[in-house]
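In what follows, chains carry the letters A, B, and so on, assigned in the order in which the sequence lines appear, proteins first and then strands, with residues in each chain numbered from 1. As the structure is a computational prediction, the values presented were derived from the model and not from experiment.
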Number of protein chains: 2
Amino acid sequence: MPKRVDHEERRRAIAEALWRIACARGLDGASLRDVAAEAGISLGQLQHYFSSKDEMLVFALKYLGELAEKRIRTRLMGLAVPPSPRDVLRETVLEMLPLDEESRTGNLVQIAYFVRALHDERLRGHAREGVPALRAFFADQVRSGIARGEVDSSRAADAEAMLLIALTDGLTTYLLLEVCTPDEAKGLLEGHLERLFTP
Amino acid sequence: MPKRVDHEERRRAIAEALWRIACARGLDGASLRDVAAEAGISLGQLQHYFSSKDEMLVFALKYLGELAEKRIRTRLMGLAVPPSPRDVLRETVLEMLPLDEESRTGNLVQIAYFVRALHDERLRGHAREGVPALRAFFADQVRSGIARGEVDSSRAADAEAMLLIALTDGLTTYLLLEVCTPDEAKGLLEGHLERLFTP
DNA sequence: CTTATTGCCATACAACTGACTTGGAAAGCA
DNA sequence: TGCTTTCCAAGTCAGTTGTATGGCAATAAG
């Protein structure tokens with residue numbers, strides 16, 4: 001065998017190049033040649049690591065999700081133990097919003113995938129799969145808040161979870177469009193949680 | 001002059017063909033030839049009515065917005081006069097959600113435009129322009145609710161308006177992904193308004 | 001050394017894209 | 001009847017796309 005190469009690392013580097021292109025020009029504007037150039041490699045080399053464009057797209061999407069999850073997990077590590085449900089929800093949501101440049105790129109790419117998933121059966125599964133888990137996680141936090149007497153027991157945990165996810169997603173949209181400022185979005189979410197966590 | 005043709009009507013028919021393609025395959029998957037075929041005309045004829053693809057895209061977007069606004073206006077006509085702010089908000093939001101097939105198509109196309117607008121300066125203006133008006137309209141309704149004693153005076157009308165828009169937008173996303181059922185979305189919005197309109 | 005495997009490259013190719021050109025048919029005005 | 005304007009069909013063009021292919025260099029196993 002020739003000089004051994006870490007395949008996964010190369011694939012991740014290519015995926016990151018894809019994100020940069022997708023962030024600037026959209027996912028459909030990212031040709032294999034563009035991605036290869038952005039990654040500083042030849043088209044042939046790219047094809048050596050991804051046998052088709054579709055394979056590259058799916059890999060980059062899964063990698064994107066992994067990184068996002070890791071970012072949230074790391075942020076939650078910084079909370080006091082045991083963390084209050086309210087803090088967990090706030091920090092998670094704030095980490096999901098496009099409030100810094102890195103997160104903005106991630107959300108931009110995520111949305112590009114989302115739109116493509118609406119018309120592509122294969123991608124739809126990947127785009128959908130994370131939602132139920134996130135919703136269950138949020139619902140657990142709300143239930144925990146109810147148990148601690150911080151949330152009114154008349155609240156339906158599952159409904160509140162979906163509400164919070166949808167709100168976060170909507171604010172993400174308007175943050176990306178720059179119709180809404182980061183401070184405003186943060187304020188709206190804080191206010192929403194404030195009302196939720198007041199029996 | 002030859003057989004006289006209603007230019008605007010032709011352009012609208014072409015725009016509707018574009019929507020059908022965009023709904024099924026995405027906006028980037030809609031070539032001029034595809035749109036022409038869907039509209040039942042030749043490529044040459046299409047180019048006679050739109051001198052460039054960009055012009056066609058912008059026209060179809062503006063037309064889409066006009067139709068959506070008209071649908072909401074018509075729906076609000078059906079309310080009692082004078083309508084209560086709560087009814088106005090509920091009916092407006094329900095009309096915005098992709099709850100029937102026509103609305104689903106509209107939202108699908110709208111989102112396709114939104115994503116393209118994130119990377120296209122010209123489109124960004126068109127995508128943004130409707131938001132402030134909608135927000136002001138919602139804020140007025142909330143203020144009216146406060147004046148009638150139906151909404152707690154501690155609520156900030158402008159913030160509540162943005163909250164409602166973001167929530168609607170987020171629910172739209174998850175309705176399109178079929179992660180959320182229409183009944184569930186309606187229930188969440190009703191619940192949100194219920195809490196808003198209880199002093 | 002030989003040989004097989006792996007990494008990588010340049011090129012080719014068929015399909016498709018948006019834009020443009022040419023030409024002619026249809027219809028009202030002179 | 002010309003004549004002009006509007007409408008539209010067909011073809012062409014340069015450029016880009018994803019994919020496939022043939023080959024070369026490096027390296028490790030036999």
Side-chain angles (χ1 to χ4, degrees), chain A residues 1-22 24-61 112-113 115-117 119-123, chain B residues 1-22 24-61 112-113 115-117 119-123:
Chain A
M1 307 158 188
K3 54 183 174 184
R4 306 242 248 74
V5 173
D6 185 337
H7 257 236
E8 281 308 298
E9 189 180 325
R10 292 289 188 127
R11 288 160 75 97
R12 285 195 291 268
I14 293 173
E16 287 160 19
L18 168 63
W19 298 344
R20 289 193 293 274
I21 304 270
R25 274 178 286 165
L27 207 53
D28 298 271
S31 73
L32 291 180
R33 287 164 180 82
D34 291 339
V35 175
E38 175 69 31
I41 62 177
S42 71
L43 173 60
Q45 191 170 356
L46 190 151
Q47 290 188 113
H48 182 71
Y49 291 102
F50 293 107
S51 58
S52 77
K53 183 175 187 177
D54 215 70
E55 192 192 332
M56 179 184 74
L57 290 175
V58 171
F59 176 88
L61 175 60
Y113 272 107
V115 173
R116 179 170 283 228
H119 315 286
D120 183 330
E121 289 229 10
R122 269 191 313 276
L123 274 183
Chain B
M1 305 158 190
K3 54 182 174 183
R4 306 240 248 74
V5 173
D6 185 336
H7 257 236
E8 281 307 298
E9 188 178 326
R10 291 290 187 129
R11 288 160 74 97
R12 285 194 292 267
I14 293 173
E16 287 160 19
L18 168 63
W19 298 344
R20 289 193 293 275
I21 304 271
R25 275 178 284 165
L27 207 53
D28 298 271
S31 72
L32 291 180
R33 287 166 178 82
D34 290 340
V35 175
E38 175 68 31
I41 61 177
S42 72
L43 174 61
Q45 192 171 351
L46 190 151
Q47 292 188 314
H48 181 71
Y49 290 102
F50 293 107
S51 59
S52 77
K53 184 175 186 176
D54 215 68
E55 192 191 333
M56 179 184 73
L57 290 174
V58 171
F59 175 88
L61 175 61
Y113 271 106
V115 173
R116 179 170 283 229
H119 314 285
D120 183 331
E121 288 228 10
R122 268 191 313 276
L123 274 182

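One donor-acceptor pair, N or O on each side, does fall under 3.5 Å between the base of dC20(C) and the side chain of Gln47(B).
Between the C1' atom of dC20(C) and the CZ atom of Phe50(B) lies a distance of 19 Å, rounded to the nearest Å. Nucleotide dG18(C) holds its C1' atom 14 Å from the CG atom of Asp28(B), rounded to whole Å. In this structure, CG of Leu46(A) is placed 11 Å from P of dC9(C), rounded to the nearest angstrom. To the nearest angstrom, C1' of dA9(D) lies 14 Å from CZ of Arg10(B). The interatomic distance linking Leu57(B) (CG) with dG18(C) (P) rounds to 9 Å, in whole Å. With rounding to whole Å, Arg25(A) atom CZ is found 13 Å from dT16(D) atom C1'. As rounded to whole Å, 18 Å separates atom C1' of dA20(D) from atom CD of Gln45(A). The distance between atom CG of Asp54(A) and atom P of dT17(D), rounded to the nearest whole Å, is 17 Å.
Remark: Tyr49(A) is in phosphate contact with dC8(C), judged by side-chain N or O atoms under 4.0 Å from OP1 or OP2. Regarding contacts with the backbone of dT17(C), a side-chain N or O of Ser31(B) is found under 4.0 angstrom from either OP1 or OP2.
The closest donor-acceptor contact from the side chain of Tyr113(A) to the backbone of Leu57(A) lies under 3.5 Å.
Between Arg33(B) and His7(B), the residue anchored nearer the 5' end of DNA chain D, judged by the nucleotide with its closest heavy atom, is His7(B). Of the two residues contacting DNA chain C, namely His48(A) and Leu43(A), the nearest-nucleotide position lying further toward the 5' end is that of His48(A). Toward the 5′ end of DNA chain C lies the nearest nucleotide of Ser42(A), the other residue of the pair Ser42(A) and Asp34(B) mapping further downstream.
Between Arg122(A) and Val58(A) there is no side-chain heavy-atom pair separated by less than 4.5 Å.
No contact: Ile41(A) has no heavy atom under 4.0 Å from any strand. Using a 4.0 Å heavy-atom cutoff across all strands shown, Ser51(B) reaches no nucleic acid atom at all. If you check every strand for non-hydrogen atoms under 4.0 Å, Leu32(A) touches a base.
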Which atom pairs, one a donor and one an acceptor, fall under 3.5 Å between side chains of residues 39-50 of chain A and the rest of the protein, sequence neighbours left out?
| from | atom 1 | to | atom 2 | distance (Å) |
| --- | --- | --- | --- | --- |
| Ser42(A) | OG | Gly44(A) | N | 3.4 |
| Ser42(A) | OG | Gln45(A) | N | 3.1 |

Stepwise salt bridge (charged side-chain N to carboxylate O under 4.0 Å, His left out) check, Arg11(A) with Glu8(A): CA-CA 5 Å; Arg11(A) 288 160 75 97; Glu8(A) 281 308 298; 3.6 Å; yes

Take Arg116(A) and Asp28(B) through the salt bridge (charged side-chain N to carboxylate O under 4.0 Å, His left out) test and state the conclusion after the steps. CA-CA 10 Å; Arg116(A) 179 170 283 228; Asp28(B) 298 271; over 6 Å; no

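Among the nucleotides dA19(C), dG18(D), dA10(C), the one closest to the side chain of Lys53(A) is dG18(D).
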